[in-house]
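To start, the structure itself, in C-alpha cells.
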Amino acid sequence: MSVFADTYRDAEVLLTGHTGFKGSWMAQWLVRCGARVTGYALDPQPHERLYDSLGLSLRLAADHRGNLSELDRLAELVATLKPRFVFHLAAQPLVRLSYDIPVDTFATNVMGTVHVLEAIRRSGHECTVVVVTTDKCYENREWLHSYREEDAMGGHDPYSASKGAAEIAAASYRRSFFDPGGKVAMATARAGNVIGGGDWAADRIVPDCIRALRAGETIPVRNKIATRPWQHVLEPLSGYLWLGAVLHNARLTGYPDNAPFRSAFNFGPRLTSNRPVSELVGELIRHTGGNWEDRSDPNAPHEASKLNLAIDKAFHLLQWQPVWDFPETIARTAEWYLAEENGEDAATLCDRQIEAYQASAAAIGLPWSV
C-alpha cells in the first residue's frame with residue numbers, strides 16, 4: 001500500500017527523539033515507507049524498551065546519541081546530512097517529572113528546539129521541518145470547549161510552560177528566518193494524550209496500569225476525574241507525516257503553495273474520546289482483567305483537569321481526521337501488551353497495527369492512505 005504519496009521513499013530524514021515511545025513508532029513507520037532515517041537522541045532510559053525491541057539500530061541509516069544542548073554537533077550533523085525532512089520529537093515529556101527537574105525541562109524543550117532550528121538555519125539548505133510540541137502548550141483555563149491553534153500559549157507546570165515557549169520560539173524562527181516561499185518550510189504539531197503498545201514511561205497512566213497488572217497488583221489511579229483527549233500513537237504520527245508531505249508538496253491537497261501549512265496544527269481525537277482517566281482504566285481492564293483503586297493525593301503537584309483539542313484546521317486544510325475511536329484505541333493498546341507478554345515480537349506487533357491503521361484510514365478515504 002502506498003501511503004503519504006510515497007513522499008518518504010529514499011528521502012533523507014532526521015528524526016530527533018527516535019529512542020522514545022513516539023519516536024520509536026515514528027522510526028518504524030518511516031523505515032516502512034522507505035525513508036533513510038538518521039536518529040539523534042539520548043540513550044533510552046532503562047525502562048524504555050521499545051526502541052531496542054524493534055531492532056531499529058540495525059535498520060536506520062545512522063543512529064546518533066547526543067544531547068540537544070550540543071548546538072555545534074547538531075549544526076555539523078545537519079550540514080553534513082542535509083536532510084530533506086526533519087521531525088523534531090526529542091523532549092522531556094513528563095508533567096510530574098518537570099516539577100523535579102524544571103531547569104532541565106526548559107533547557108531541553110525550549111533551547112533544544114532552538115538549537116535544532118538554529119542548526120537548520122545555519123545549514124541553509126532546502127528542508128521541510130515539523131516541530132512536535134503538545135496539547136499542553138495552551139494557557140489552560142479549564143474550558144469545556146476545545147483549544148484552537150490561535151489560542152494563547154501558556155502552562156502552569158514547567159513541562160507545559162516549556163512547550164508553550166517552544167511554540168513561541170518556533171514561530172519566531174519562522175517569521176525571522178524561514179520566509180514564506182523560502183527554502184525552509186516549517187510547521188508545529190500539537191497532539192493529545194497518546195497511548196499505545198510499547199510505552200513504558202514512568203508516571204504515565206497506561207504503562208502504570210500494565211506494570212501493576214503484570215505484578216498482580218491493583219492499579220493505583222492518582223487523578224481519576226482528569227479528562228484528556230486520548231488517542232492511539234498512530235493518529236498524531238499520521239498527522240505529522242502527512243503534514244510533512246504536504247509542506248513538501250502542497251498540491252497533494254490542491255493548494256498552489258505551502259503557505260497555509262507553515263503554521264501550527266492540532267492533531268487530536270474525536271470529541272467522544274475526551275474521557276476521564278477512570279473511564280480509560282475501566283475500558284483497559286475490560287480487555288486485560290484486573291482492578292483499580294483511587295489514589296488521589298490532595299497535595300500532588302498541579303495537573304490540568306480538562307483539556308480538549310479542536311482539529312477543524314487539520315480536517316479542512318490537510319483533510320486529516322482520526323481513524324480509531326476510543327474503544328478501538330484501547331482495544332489495540334491492550335492487544336499489543338497482551339501479545340507482547342505472550343512472547344510475540346515487538347516489530348511484528350507494530351507492523352501489524354500500522355497495517356491495520358492504514359487499512360482503516362483507506363476505508364474512509366483519507367488522502368494520505370491511498
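All values reported here derive from a predicted model rather than from experimental measurement.
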Note: [X]-[Y] ion pair, threshold 4.0 Å (strictly below):
X    : Y    : answer
R214 : E340 : yes
R73  : E76  : no
R211 : D208 : yes
R228 : E279 : no
R270 : D325 : no

* Could you please spell out the steps behind the side chain to side chain contact (heavy atoms under 4.5 Å, CB included) verdict for F21 and W200? => CA-CA 8 Å; F21 166 54; W200 297 108; over 6 Å; no
Set of salt bridge (charged side-chain N to carboxylate O under 4.0 Å, His left out) partners for [X], sequence neighbours left out:
X    : value
R286 : E283
D6   : R9
K313 : none
D351 : R32

* **H18/L60 under side chain to side chain contact (heavy atoms under 4.5 Å, CB included): CA gap, chis, key distance, verdict** => CA-CA 10 Å; H18 67 293; L60 300 187; 3.7 Å; yes
* Pairs where residues 51-69 contributes a residue and the test salt bridge (charged side-chain N to carboxylate O under 4.0 Å, His left out) is met, not counting sequence neighbours ->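 The answer is D43-R65, D63-R65.
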* Which residue pairs pass the salt bridge (charged side-chain N to carboxylate O under 4.0 Å, His left out) test with at least one member in residues 239-264, sequence neighbours excluded? ->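 Sorted result for residues 239-264: empty, none.
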Can you confirm whether the side chains of [X] and [Y] place a donor and an acceptor under 3.5 Å from each other?
X    : Y    : result
Q92  : T105 : yes
T218 : W292 : no
S360 : W324 : yes

* Asked: Which class fits the ring pair W368 and F4: parallel under 30°, tilted 30 to 60°, perpendicular over 60°?
  ->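 Rings of W368 and F4: parallel, under 30°.
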* Asked: Does V13 belong to the same Ile/Leu/Val/Met/Phe/Trp/Tyr cluster as L81, with side-chain heavy atoms less than 4.5 Å apart forming each link?
  ->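 Hydrophobic grouping puts V13 apart from L81.
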* To do: Treating Ile, Leu, Val, Met, Phe, Trp and Tyr as nodes and any side-chain heavy-atom pair under 4.5 angstrom as an edge, say whether I311 and L317 lie in one connected cluster.
  =>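 I311 clusters together with L317.
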* Listed by chain and number, what are the ring-ring contact (aromatic ring centres under 6.0 Å, His included) partners of Y173, not counting sequence neighbours? ->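 ring-ring contact (aromatic ring centres under 6.0 Å, His included) list for Y173, sorted by chain: F177.
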Counting C-beta onward and ignoring hydrogens, is there a side-chain heavy-atom pair between [X] and [Y] closer than 4.5 Å?
X    : Y    : value
Y40  : L77  : yes
N249 : T7   : no
P229 : D135 : yes
I219 : L213 : yes

* To do: Give the C-alpha distance, both sets of side-chain angles, the deciding distance and a yes or no for salt bridge (charged side-chain N to carboxylate O under 4.0 Å, His left out) between K163 and D157.
  => CA-CA 10 Å; K163 286 296 195 172; D157 57 90; over 6 Å; no
* How far does SG of C350 sit from CH2 of W25, to the nearest 0.5 angstrom? ->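 Nearest 0.5 Å value for the SG-CH2 distance: 3.5 Å.
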* **Distance (rounded to the nearest 0.5 Å) between L15 CG and M26 CE** =>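 Result: 6.0 Å between the selected atoms.
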Quick one: side-chain contact (heavy atoms from CB on, under 4.5 Å) partners of [X], sequence neighbours excluded?
X    : answer
R36  : E12, A61
R84  : E126, T128, H248
T113 : H88, L117, V131, A166

* **side chain to side chain donor-acceptor pair (under 3.5 Å) against E328, all qualifying residues, sequence neighbours excluded** =>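 Applying side chain to side chain donor-acceptor pair (under 3.5 Å) to E328 gives R332.
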* Asked: For the ring pair Y255 and F261, is the centre-to-centre distance below 6.0 Å?
  ->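 Yes; F261 has its ring centre under 6.0 Å from that of Y255.
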* Output field: ring centroids F85/Y8 closer than 6.0 Å ->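 Yes; Y8 has its ring centre under 6.0 Å from that of F85.
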* **R352/E344 under salt bridge (charged side-chain N to carboxylate O under 4.0 Å, His left out): CA gap, chis, key distance, verdict** => CA-CA 11 Å; R352 189 162 69 225; E344 197 156 349; 2.6 Å; yes
* **side chain to side chain contact (heavy atoms under 4.5 Å, CB included) assessment of Q231 paired with I195** => CA-CA 6 Å; Q231 59 184 331; I195 63 175; over 6 Å; no
* Asked: Would E118 and L71 count as a side chain to side chain contact (heavy atoms under 4.5 Å, CB included) if you check the C-alpha gap in whole Å, the side-chain angles of each, and the deciding distance to 0.1 Å?
  -> CA-CA 8 Å; E118 177 63 12; L71 172 57; 4.0 Å; yes
* T108, D104, N109 screened by side-chain hydrogen bond (donor to acceptor under 3.5 Å, both in side chains) with S162, the one that passes ->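 So the option named by the test is N109.
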* Going by the side chain to side chain donor-acceptor pair (under 3.5 Å) test, which pairs reach into residues 178-197, not counting sequence neighbours? ->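 Qualifying pairs, neighbours excluded: K136-N193, Y138-R190, E167-T188, E167-R190.
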